[in-house]
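One structure is given here, and the rest of the page talks about it.
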Amino acid sequence: MDHDFAVTLDVGSSLANHTGSWRTFRPEYVHRLPPCNHACPAGEDIQGWLSLAEAGDYEGAWRALTRNNPLPAVMGRVCYHPCETACNRAGIDASVGINSVERFLGDMAIAKGWAFAPPTAKSGKKVLVVGAGPAGLSAAYHLAMLGHSPTIKEAGPAPGGMMRFGIPKYRLPRETLDAEVARIVALGVAIEYDCKVSDLRATMREGGFDAAFLAVGAHIAKRAYIPAGEAAKVLDAVQVLASMEGEDRPLLGRRVVVYGGGNTALDVARTAKRLGAEEAIIVYRRTREKMPAHDFELEEALEEGVMMKWLSTIKNVEAGSLTVEKMVLDEKGFPQPTGELETLEADSVVLALGQDVDLSLLNGVEGLKIEKGVVQVGANMMTGAAGVFAGGDMAPSERTVTVAVGHGKKAARNIDAFLRGEVYAPAPKHELASFEKLNAWYYGEAPKTVRPTLELARRSSTFEEVVAGLDESNALYEARRCLSCGNCFECDNCYGVCPDNAVIKLGPGNGFKFNYDFCKGCGVCASECPCGAIRMEPEEI
Amino acid sequence: MTDVQMTDVPALAPDEAQQKLKFYQKGTFTVGNRLISEGERSVQASQARSNALTSGHRACQGCGEALGARYAIDAAMRASGNDLIAVNATGCLEVFTTPYPETSWQLPWLHSLFGNAAAVATGVAAAMRVKGKKTRVIAQGGDGGTTDIGFQCLSGMFERNDDVLYICYDNEGYMNTGVQRSSATPPAARTATTPALGPEPGNVFGTGKFVPKIAVAHNIPYVATATVADLHDLERKVVKAMAIHGARYIQINVPCPLGWGAPSCDTIKLARFAVECGLYPIFEAEHGRVTHARKIRKQIPVREYLKLQKRYAHLFRGGVDDPRVARIQAICDAHIAEYGLLGDDEEV
């Protein structure tokens with residue numbers, strides 16, 4: 001090249017200057033565990049399906065959701081959503097209404113008739129599932145998806161377990177439950193009703209089953225000794241809620257007293273109001289703060305006119321009345337009697353004191369360990385007997401539908417490994433994407449969409465659903481409030497904020513990569529990543 | 001060119017219009033948003049952005065000026081259909097992008113002297129007009145080359161209403177030559193020429209000048225301040241300025257990790273804090289009148305901004321706040337009142 005006067009070098013681009021050599025720290029894209037996923041007892045990839053939903057791909061979202069949980073429409077109604085309690089968005093305005101979006105997707109799947117895609121290869125292995133409750137249905141679904149042939153034997157006349165015989169219709173309409181069960185059956189899961197397993201080993205032998213998953217639930221009402229007159233009407237909660245499913249509604253009378261402080265006690269009291277009781281009073285021996293029931297359920301019950309009698313125990317029951325004793329909490333928080341008595345008028349008393357497990361089917365199964373009335377299982381959900389797994393209310397658990405669904409999934413994965421002579425190794429968990437890992441400035445403020453609640457008047461006299469669902473516009477709104485904690489959502493921030501143009505955008509769905517030839521390691525990308533998906537690592541020199 | 005010609009200026013930049021619909025959603029304030037169409041996203045979100053200031057430049061780690069210059073010039077490149085010439089004053093930006101014989105600029109680029117960028121740009125614009133070309137002209141420089149050394153040429157360019165967009169990257173001092181005070185250095189800041197010594201260490205109060213206001217006083221068609229902490233606002237202003245003919249001035253706050261004494265990863269955070277405390281008002285003015293102010297989203301005390309920077313470390317010696325922190329807060333409060341920086345986040 002001929003140079004002008006006094007010019008000695010060719011013009012070149014600064015691209016020849018690899019400034020990456022200045023770097024002492026390097027940015028790396030990472031995945032962190034979103035708190036919602038971390039908190040979900042069913043192990044859902046909540047952020048994963050919300051991400052599809054917010055782009056309007058509802059079917060994709062539903063399919064991603066049902067990879068872990070086959071009952072989204074049910075779960076969207078009855079789950080106590082620990083995911084929302086854990087949600088980082090609460091640190092900005094209010095947590096994302098994950099539960100309501102889940103319900104929206106579940107309802108849409110039913111309306112559109114979306115079905116599960118059956119696996120292409122069959123293993124030929126048969127697995128016995130005892131009980132068609134949430135744990136059993138979940139296990140059977142996952143086993144079927146893994147190519148095995150599960151058969152559910154259910155002692156009752158219909159599927160669902162406590163979802164049918166425990167949870168009132170105003171919280172879970174039966175059409176919803178039936179639709180989601182039908183979809184599991186359509187996948188090739190056989191359910192035999194009125195088929196109580198009384199001898200597990202014999203049933204397994206006769207049916208040629210390679211493994212068994214037990215999930216019979218806890219259906220035996222706990223009793224407390226209460227002196228009662230002959231004409232007194234004392235019922236238990238399990239019986240009352242189960243009989244709501246039959247032809248004959250339970251006769252509870254005009255004034256109903258429920259004894260207990262759990263969610264079941266509230267379910268019974270609210271059911272009694274709907275059956276026409278003028279008064280439904282819950283007698284509980286401790287205080288509201290100590291009550292095991294969820295506060296939102298108590299709120300809904302109070303709104304419906306259910307009355308509470310705190311710090312009281314029932315001394316005895318006569319026809320038409322009962323005697324309660326006032327209690328005080330001692331310094332350890334235990335209720336102690338005061339001797340102060342009071343009479344309440346009541347046509348019936350319903351005991352809601354918790355449930356026990358019917359363990360009779362386990363007679364003769366060797367190696368089992370039973371503690372505190374439940375079957376002990378290992379981290380792999382297997383009991384002391386090889387090939388016999390257990391979950392749901394009959395195993396140590398929090399006794400919620402969500403936990404049961406999670407047990408079913410976990411058991412299915414371990415059964416699958418067991419059938420192949422392997423040990424299931426869950427994928428290692430990422431570091432938690434806690435709030436301080438985010439740059440929350442980038443998220444605009446928005447209140448949580450509140451699910452419209454039925455008007456009180458309608459609610460307390462009918463068994464229509466209390467909480468209505470979202471429609472498409474507000475479900476989308478809600479899904480889009482997700483912060484995508486710990487996982488890149490392609491906001492282009494790193495690509496934009498790099499002063500050295502050292503981030504390469506790979507296009508939709510493919511994310512980004514760093515151009516380490518030019519990255520000086522300033523760390524602006526990591527500081528400005530809204531969702532905490534970039535980590536600065538010391539460079540090895 | 002004495003007549004001010006207005007081409008079509010959309011009421012809102014397209015990406016901002018989209019975002020008003022979805023202001024609550026994640027990604028609202030980020031560079032891109034995968035939920036809106038490609039054409040509605042920011043220039044910086046595009047794989048096709050021109051990277052007018054490309055990699056391999058020798059700016060320090062986390063340089064706010066390198067970032068601000070790419071933001072502004074890329075937006076101007078898109079707005080002008082890549083028919084653009086830049087004239088540069090002496091300063092960091094010139095030095096770190098063009099060490100002989102390399103250049104980081106991917107557009108025609110000229111450098112003459114420290115003080116004459118506005119005058120050279122005027123000449124380039126005149127040449128383009130004479131040659132019948134539609135090529136647009138940008139002049140750019142740091143605060144030293146703008147508020148001090150190049151000020152006479154700048155004022156001349158304004159009063160003649162020459163068809164040049166002048167962009168000042170304000171990092172509040174002469175950083176390239178070793179962090180000396182400029183007339184844009186804020187009060188109390190330590191520089192090499194205003195050391196943290198004596199009874200009132202750092203830069204003195206009551207000095208310096210705020211050139212955007214002086215530009216407004218020239219009654220030119222468009223004046224704006226911007227920040228690297230708000231890309232959408234910055235791009236919108238550059239696009240708007242490029243749609244106008246005549247003299248235009250944009251001053252962008254670009255933190256300097258070296259001169260301000262802050263970690264390189266805090267560059268955008270510093271810019272954000274400067275805006276959110278009210279110390280750096282972000283507004284635009286047309287023909288001598290302020291027409292828009294960017295509202296503070298989450299107000300913070302100026303103390304939080306100052307504490308991040310070693311140039312203000314002397315204000316917090318011995319764990320006690322110097323009374324001058326309150327004086328700087330008073331400056332912020334005055335800005336908030338003057339420009340109406342607080343209030344509904346729905347912008348005008």
Side-chain angles (χ1 to χ4, degrees), chain A residues 7-19 22-23 25 54-56 93 439 441-447 477 480-484 489-502 504-509 515 517-528 530-531 536, chain B residues 19 22-35 38 41-47 49 51 53-68 70-71 96-106 228-229 231 257 263-269 272 276 297-298 345:
Chain A
V7 175
T8 53
L9 298 171
D10 292 341
V11 173
S13 165
S14 64
L15 292 172
N17 186 25
H18 286 192
T19 52
W22 303 11
R23 193 173 59 238
F25 279 80
E54 70 186 36
D93 38 38
N439 187 336
W441 192 85
Y442 285 101
Y443 301 105
E445 301 76 7
Y477 175 110
R480 287 182 172 184
R481 293 181 60 240
C482 171
L483 307 180
S484 194
F489 63 100
E490 297 184 54
C491 72
D492 297 328
N493 247 26
C494 52
Y495 178 61
V497 301
C498 177
D500 293 288
N501 187 30
I504 300 165
K505 181 171 173 172
L506 300 172
N515 184 346
D517 282 349
F518 296 109
C519 167
K520 292 171 185 163
C522 67
V524 170
C525 54
S527 305
E528 300 305 317
C531 65
M536 297 303 288
Chain B
Q19 286 180 342
K22 297 168 181 168
F23 72 95
Y24 46 80
Q25 288 156 359
K26 78 179 180 189
T28 309
F29 298 96
T30 52
V31 168
N33 185 340
R34 70 185 177 98
L35 301 174
E38 188 78 38
R41 298 181 206 172
S42 68
V43 176
Q44 287 304 312
S46 167
Q47 284 173 288
R49 73 185 188 202
N51 284 321
L53 172 48
T54 194
S55 312
H57 62 72
R58 289 144 201 255
C60 306
Q61 293 164 318
C63 175
E65 187 171 32
L67 183 61
R70 198 190 69 227
Y71 280 179
F96 74 67
T97 56
T98 53
Y100 179 72
E102 287 170 9
T103 179
S104 305
W105 295 102
Q106 311 209 63
V228 288
L231 172 69
S264 60
C265 61
D266 277 351
T267 297
I268 292 181
K269 183 179 182 182
R272 182 156 59 233
E276 296 290 78
R297 262 187 78 210
K298 288 177 184 160
D345 55 6

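All values reported here derive from a predicted model rather than from experimental measurement. Within every chain, numbering begins at 1; the chains are lettered A, B, ... in the order of the sequence lines, protein sequences first and strands thereafter.
Closest non-hydrogen pair, E276(B) versus W441(A), comes out as OE2-NE1, 3.3 Å. Contact between C522(A) and S264(B) at its shortest, heavy atoms only, is O-OG, 2.8 Å. For P499(A) against C63(B), the heavy-atom pair with the smallest separation is CB-O, 3.5 Å. Contact detail for A45(B) and D492(A): the closest heavy-atom pair is CB-OD2, 3.2 Å. Between D500(A) and H57(B), the closest heavy-atom pair is OD1-CE1, 3.0 Å. In terms of heavy-atom proximity, S14(A) sits nearest to T54(B) at OG-CG2, 4.0 Å.
N439(A) touches chain B through its side chain: at least one heavy atom from C-beta onward sits under 4.5 Å away, while N, CA, C and O do not. Residue contact with chain B, scored on non-hydrogen atoms closer than 4.5 Å, is absent for I504(A). Proximity to chain A (any heavy atom under 4.5 Å) is shown, for R58(B), by both the backbone and the side chain. For I268(B), the parts lying under 4.5 angstrom from a heavy atom of chain A are both the backbone and the side chain.
The greatest number of non-hydrogen atom pairs below 4.5 Å with chain B, out of C494(A), A526(A), A16(A), G507(A), is found for G507(A). Taking chain A as the reference chain and counting heavy-atom pairs below 4.5 Å, the highest number among P257(B), G64(B), P263(B), S104(B) is found for S104(B). Chosen from T97(B), T98(B), T103(B), V228(B), the residue pairing most often with chain A at heavy-atom distances under 4.5 Å is T103(B). Ranked by heavy-atom pairs shorter than 4.5 Å toward chain A, the options Q106(B), R272(B), E65(B) are led by R272(B).
Interatomic distance, C519(A) SG to Q61(B) CD, rounded to the nearest 0.5 Å: 8.5 Å. A distance of 11.0 Å separates CD in Q44(B) from CG in N493(A), rounded to the nearest 0.5 Å.
Counting heavy atoms from C-beta on, the side chains of R49(B) and K505(A) never come closer than 4.5 Å. With contacts defined as side-chain heavy-atom distances shorter than 4.5 Å, the pair Y71(B)/V497(A) qualifies. The closest side-chain heavy-atom distance from L15(A) to S55(B) is below 4.5 Å.
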